[in-house]
Amino acid sequence: EKRFKFSKNQHVDMSHAKTAIAALVLTIFGGVLLALGLVIEGLVHTHLESKVADFVSLANNNSPGYRVWKGGPDGVQQYISYYFFNVTNYNSVISRLAVPHLVLTGPFTYILDQTKTNITRLSNTAELQYIRNANLTYYDVPCPPNASFHWTGGPPCSIASNSIIYTANVPLLAIINQINTLAPLKEELAALFIDFVNKRFGNEDLLPPLYAQDIIFGYNDTVVHQFDAVIAEYNRLFNQSLVLRNEFFSLQPQTSPNISRISTNPANPGSFSMWNGYAGSLDFWGNGSCGADGPALSRQANAINGTEGTLFVPRPPDTLQLFSESLFRSATLKHTSDTTFRDMDAARYTLDPELFTNTTFDALSCVFDANGPQGVINISYAVSAPLFISNPLFFGADPGYLANVTGLQGYDAAVTEYDVDPWTGITLRSHQRLQLNAHITPWERLDATRWVRPGGYYLPIMVVEQRTVVSDAFVEAWQNQFGNALNAAASTRLAGLIVGAFLLAVALSLATVSAARCHFTPETENLPENEPLLAHIDINA
């Protein structure tokens, strides 16, 4: 019987040992898996960061980053859509019986083929020199009947491009603006101009009916162009060489014969050193209303900083620099949220709201004569016409801009957005959404402006939405280089954390059981010393 009891206790000891060994093994495996889950992404990220420079390299004609920057179907797909604000109560407006009632008409969508040509590598400065070509092809896919307006990048479509739009006569406004500016200095020219305009223009000519495609691509107003003869006569009589601009500005990307240069340095790929023939600085912005600080602020406003927006610095920070051709100035993009693009993580950047502020909040705004209510960008100096840029539907602007027009309610507001790959800094998808507005003011000496109410108003002309998405070839290259490794690392991390934690939990449970068994007291323990064992044996057991 004594041997039996010793055998039983020995079995307990063996079971305890096996449990302890199992707990130890599970602890080791669980700890290893948990540690792997904690460090695997960091190790993979470190490895991938060494691949970024080659992926985005502008020094390599075959890199995905170069193909995106160059443009064309191998790099990006681009569309540009125009939405016009049609003045539907034209007769009441020119009769001063009502403010303009606007109906958003569109979209008129075009495929945008924007590529770089004549590319030359400047090895001594690590730059690319090029000329940009831009071509528009009408996207002849009809919009569904009664389709509502969406600014969120739905499938592109178009309505008939021969639609009639009543809107501002920008060439005439440009001439009025320039002569009005010159009048205090050149009264004799103003007199010639006023006589010419009053004889040839009536109330209706400042708000004419136009075909949509003419607004997009420009049009020849025969009466306006007759003013060239007036300028020629003025130059002859007063021995001057005055030239006035009267073309239509429509935010349409233009083919430029002038040279641009960008950096190929991996630290700032795509940054301009020359844009459209301007080396480092523009000449659009003078001293404005800045007073003594004008020269310094003018240099700051004219500086060409940033990229065109197709790519930014790898591992982009929360603030990026963009040179916007539409705004004729550099602008700041700020990281506002995170999103996804075709199963790829993306950081969303939007235009800094301070870009639309005025001199009350930003001293630099005096260069642009941003003296009115905040919410618009004055580009009058750059285009020689009283034109202003805003967010669509004056989103985020002072409510006063809506006071003298009706019909802008009921649409979804949206802003310019760039969805940027947080690894490479390449823009995966962008929506540049800008509204062009004409500042129409009365000039009592001109019959054509007498219908304009005192103080004038900002008449919305159009919203332009330029959308860009990277090509399928780019997405495939990105997945092969980064996506597969990132997904594998994320799966390994998740599995390591879950399985490792589970094994550690099981090991803890086994250790707890083992510890409890260690307190099991065999019946032969605690016997008094030298006392016979048989005295404690239960014969009936």
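All values below were derived from every heavy atom in this structure, side-chain atoms included, with hydrogens, water molecules and symmetry-related copies excluded. Numbers for residues simply follow the sequence, beginning at 1.
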For this session: Might you point out which heavy atoms bring Pro386 and Leu173 nearest each other, and give the distance in Å?
Result: CD-O, 3.6 Å
Please enumerate all residues that pass side-chain hydrogen bond (donor to acceptor under 3.5 Å, both in side chains) together with [X], with sequence neighbours excluded.
{"X": "His439", "result": "none"}
{"X": "Ser380", "result": "Asn378"}
{"X": "Asp472", "result": "Arg342"}
{"X": "Asp113", "result": "none"}

Problem set entry | Where at least one partner belongs to residues 120-133, residue pairs that pass salt bridge (charged side-chain N to carboxylate O under 4.0 Å, His left out), sequence neighbours excluded |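 The answer is Arg132-Glu325.
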Would you mind reporting whether [Y] and [X] have side-chain heavy atoms less than 4.5 Å apart?
{"X": "Leu104", "Y": "Phe84", "answer": "no"}
{"X": "Phe395", "Y": "Ser390", "answer": "no"}
{"X": "Met462", "Y": "Gln435", "answer": "no"}
{"X": "Thr427", "Y": "Leu311", "answer": "no"}

Short side-chain donor-acceptor distance under 3.5 Å, [Y] and [X]:
{"X": "Ser263", "Y": "Asn268", "answer": "yes"}
{"X": "Gln321", "Y": "Thr332", "answer": "yes"}
{"X": "Thr424", "Y": "Asp421", "answer": "yes"}

Listed partners of [X] passing salt bridge (charged side-chain N to carboxylate O under 4.0 Å, His left out), at least two apart:
{"X": "Asp352", "result": "Lys334"}
{"X": "Asp419", "result": "Arg348, Arg429"}
{"X": "Arg261", "result": "none"}
{"X": "Glu308", "result": "Lys116"}

Are [X] and [Y] near enough that their ring centres are under 6.0 Å apart?
{"X": "Phe55", "Y": "Phe482", "value": "yes"}
{"X": "Tyr401", "Y": "Tyr458", "value": "yes"}
{"X": "Phe328", "Y": "Tyr278", "value": "no"}

Exercise. For Phe284, does the CZ atom sit with more than 12 other heavy atoms under 6.0 Å from it, leaving out its own atoms?
Worked result: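 Above 12, so yes.
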Counting only N and O atoms by type, is there a donor-acceptor contact under 3.5 Å from the side chain of [X] to the main-chain atoms of [Y]?
{"X": "Ser298", "Y": "Trp285", "answer": "yes"}
{"X": "His335", "Y": "Ser337", "answer": "yes"}
{"X": "Asn437", "Y": "Ile389", "answer": "no"}
{"X": "Thr340", "Y": "Met344", "answer": "no"}

For this session: Please step through side-chain contact (heavy atoms from CB on, under 4.5 Å) for the pair Phe323 and Leu282, ending with a clear verdict.
Result: CA-CA 11 Å; Phe323 181 77; Leu282 306 170; 3.9 Å; yes
Considering only distance and modelled atom types, tabulate donor-acceptor pairs under 3.5 Å from the side chains of residues 134-143, sequence neighbours left out.
from, atom 1, to, atom 2, distance (Å)
Tyr138, OH, Ile159, O, 2.6

For this session: Go through the structure and list residues passing side chain to side chain contact (heavy atoms under 4.5 Å, CB included) with Asn480, not counting sequence neighbours.
Result: Glu476, Asn484
Exercise. What distance do Leu351 atom CG and Thr416 atom OG1 have between them, rounded to the nearest 0.5 Å?
Worked result: 4.5 Å
Exercise. Cation-pi between Arg329 and Phe368: NZ/CZ under 6.0 Å from ring centre and within 45° of the ring axis?
Worked result: yes
Counting only pairs under 3.5 Å, give me each side-chain donor-acceptor contact of residues 67-80, with atom names and distances, residues two or more places apart or in other chains.
from, atom 1, to, atom 2, distance (Å)
Arg67, NH1, Asn62, O, 2.5
Gln78, NE2, Thr468, OG1, 3.2

